[in-house]
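Quick notes on the structure that follows.
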Amino acid sequence: MRSIDYTLAFLADVHLDPSLPPCPAWEGAKKFVKAMQPDWIILGGDFMNMGALSHWDLQKRGLIEGKRYWNEIELAQKELDYLQKHCKKARFVYLEGNHEHWAKQYLERNPEMLGFIDVVKNLCLRERGFEWVEINRVYRVGKMNFLHGWYVNKYHANKTLQVMGDNCMYGHMHDHQATIMRLRASQEQYIAIAVGCLCDLNPHYQRNKPNRWVHGFGWVEYYGDGEFQAHHLFVNNGKVAFGGKVY
């Protein structure tokens, strides 16, 4: 019997928004992480919604009325404090998502704000000991690669695995997909897992249309040689079930 050497929580697409009530799915994921004390915590991008800097709503003043970048920073700081307080031994990584990248796009239009709007600096990520990974780059732990997400097509897990050519876990699409295939001449087995989101499943821009979004996050258990067992954990009504327990 092989023993687990270390564990990792992959939390993607939280979309923190101070104008909305706390999402039960995010609260459930926090309780699970607090109880399980993973050795790694990777924030998989779009941790903040960045609504005040949205290029989609740039000319829609009614939609950004009352939204403030610094309010989101304050809320994100609070949530990072929670994770670091309750998972003191964890190693933290923050993947830049397309929503965090809106800050750079905003600065391209408003260069006078250079030095004032800077997600890494404003969240004190370096002081916190976080590793920051720029958008579209990949972070590897053991034999699993983590990224925010590259594709938005229907079969995005299949596409991502073909391009990656290696095991990977990602978010971005807010739905859950998994693809396993044998790649290369070695005929080794590789897997791509898309995890769900931890935010509102009915955002304003969807206008109540049905979608494929689900609440969930990634949990990876590693053996000493980097091999792993990867899980997608669904969050239902703010609760997570795993290993015969409900969190």
Side-chain angles (χ1 to χ4, degrees), residues 6-23 25-55 64 66-141 146-149 169-172 195 197-199 217-218:
Y6 55 98
T7 57
L8 182 152
F10 182 69
L11 311 170
D13 299 286
V14 181
H15 289 274
L16 292 173
D17 188 339
S19 68
L20 298 175
C23 179
W26 170 236
E27 296 302 315
K30 286 164 56 179
K31 291 177 183 177
F32 177 87
V33 168
K34 177 182 177 181
M36 297 297 286
Q37 294 287 304
D39 299 287
W40 291 74
I41 295 178
I42 297 183
L43 301 179
D46 292 359
F47 185 64
M48 296 191 298
N49 196 53
M50 305 288 281
L53 306 183
S54 169
H55 63 277
I64 63 173
K67 294 184 178 181
R68 296 293 183 271
Y69 169 75
W70 287 103
N71 290 344
E72 285 203 29
I73 289 292
E74 182 178 359
L75 177 58
Q77 290 270 31
K78 177 182 175 182
E79 298 302 324
L80 295 180
D81 287 344
Y82 176 95
L83 293 175
Q84 293 197 285
K85 176 182 178 181
H86 295 294
C87 301
K88 295 181 180 180
K89 295 182 180 180
R91 185 171 177 178
F92 289 87
V93 179
Y94 194 131
L95 307 185
E96 180 183 15
N98 53 295
H99 280 242
E100 283 89 2
H101 193 65
W102 287 353
K104 295 177 182 177
Q105 294 173 344
Y106 178 86
L107 291 172
E108 290 171 356
R109 300 189 301 269
N110 302 277
E112 69 277 7
M113 297 302 293
L114 281 166
F116 294 96
I117 293 178
D118 184 322
V119 173
V120 175
K121 177 181 177 181
N122 300 148
L123 290 179
C124 304
L125 294 183
R126 293 192 178 92
E127 292 83 351
R128 290 177 176 275
F130 271 70
E131 294 184 65
W132 171 260
V133 180
E134 292 184 343
I135 191 168
N136 293 327
R137 292 191 178 276
V138 176
Y139 193 87
R140 186 177 179 87
V141 179
F146 299 90
L147 62 152
H148 176 58
M169 181 175 283
Y170 62 97
H172 187 45
V195 305
C197 61
L198 297 167
C199 60
F217 59 95

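When reading the values below, keep in mind they use all heavy atoms of this one structure, side chains included, and skip hydrogens, waters and symmetry mates.
If you take CD on Glu134 and CG on Leu95, they are separated by 11.5 Å, rounding to the nearest 0.5 Å. Considering CD1 of Ile42 and CG of Leu8, their distance stands at 4.5 Å, rounded to 0.5 Å. To the nearest 0.5 angstrom, Leu107 atom CG is 9.0 Å from Glu112 atom CD. Annotation: the span from Cys197 atom SG to Leu11 atom CG amounts to 12.5 Å, rounded to 0.5 Å. Distance CG/Asp17 to CG/Leu75: 8.5 Å, rounded to 0.5 Å.
Remark: the His148 side chain and the Asn98 side chain contain an N/O donor-acceptor pair separated by less than 3.5 Å.
Taking 4.5 Å as the limit, every side-chain heavy atom of Lys34 sits out of range of all side-chain heavy atoms of Cys87. Side-chain contact check for Tyr6 versus Val141: some heavy-atom pair is nearer than 4.5 Å. For the pair Glu72/Leu16, no side-chain contact is recorded, criterion being any heavy-atom separation below 4.5 Å from C-beta on. With a 4.5 Å cut-off on side-chain heavy atoms, Glu79 and Trp26 count as touching.
In this structure, Asp118 contributes its side chain and Lys121 its backbone to a donor-acceptor pair below 3.5 Å. At distances below 3.5 Å, not a single donor-acceptor pair connects side-chain atoms of Asn71 with backbone N or O atoms of Pro18.
The aromatic rings of His15 and His99 lie perpendicular to each other, with more than 60° between the two planes, well past the 30° mark.
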Assess the residue pair Phe32 and Phe217 against the criterion (ring pair (Phe, Tyr, Trp, His ring centres under 6.0 Å)); give the C-alpha distance rounded to whole Å, side-chain angles, the decisive distance to 0.1 Å, and a yes or no.
CA-CA 11 Å; Phe32 177 87; Phe217 59 95; 5.4 Å; yes
In sequence, state the C-alpha distance, the side-chain angles, and the governing distance for Ile73 and Met48, and then conclude on side chain to side chain contact (heavy atoms under 4.5 Å, CB included). CA-CA 8 Å; Ile73 289 292; Met48 296 191 298; 3.9 Å; yes
Working for side chain to side chain contact (heavy atoms under 4.5 Å, CB included), residues Val133 and Tyr94: CA-CA 6 Å; Val133 180; Tyr94 194 131; over 6 Å; no
In sequence, state the C-alpha distance, the side-chain angles, and the governing distance for Phe116 and Asn122, and then conclude on side chain to side chain contact (heavy atoms under 4.5 Å, CB included). CA-CA 8 Å; Phe116 294 96; Asn122 300 148; over 6 Å; no
Chi angles and distances behind the side chain to side chain contact (heavy atoms under 4.5 Å, CB included) call for Asp13, Val195:
CA-CA 9 Å; Asp13 299 286; Val195 305; 5.7 Å; no
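Atom CZ of Arg137 has 12 or fewer heavy atoms from other residues, nucleotides or ligands within 6.0 Å. Arg128 CZ: more than 12 foreign heavy atoms inside a 6.0 Å radius. A 6.0 Å sphere centred on CD of Glu74 holds no more than 12 heavy atoms belonging to other residues, nucleotides or ligands. For OH of Tyr82, the number of neighbouring non-hydrogen atoms (other residues, nucleotides, ligands) closer than 6.0 Å is greater than 12.
Taking both residues in full, the closest heavy atoms of Met50 and Trp102 are given as O-CE3, 3.4 Å, listed atom of the first, atom of the second, then distance. For the residue pair Tyr69 and Ala52, the shortest heavy atom distance occurs at N-CB, 3.6 Å. Nearest heavy-atom pair across Glu108 and Pro111 is O-CD, 4.2 Å. Minimum interatomic distance between Pro38 and Thr7 (heavy atoms only, all atoms of both residues): CA-OG1, 3.3 Å. The two residues Ala103 and Ile117 come nearest to each other via the heavy atoms CB-CG2, 4.0 Å. When all heavy atoms of Ile41 and Val33 are compared, the pair lying nearest together is CD1-CG1, 3.7 Å.
Between Phe130 and Phe92, the ring centre distance stays below 6.0 Å. Taking the six-membered ring for Trp and the full ring otherwise, Phe146 and Phe10 have centroids separated by under 6.0 Å.
For residues 88-102, the pairs satisfying salt bridge (Lys or Arg N to Asp or Glu O under 4.0 Å) are Arg91-Glu131, Glu96-Lys104, with sequence neighbours left out.
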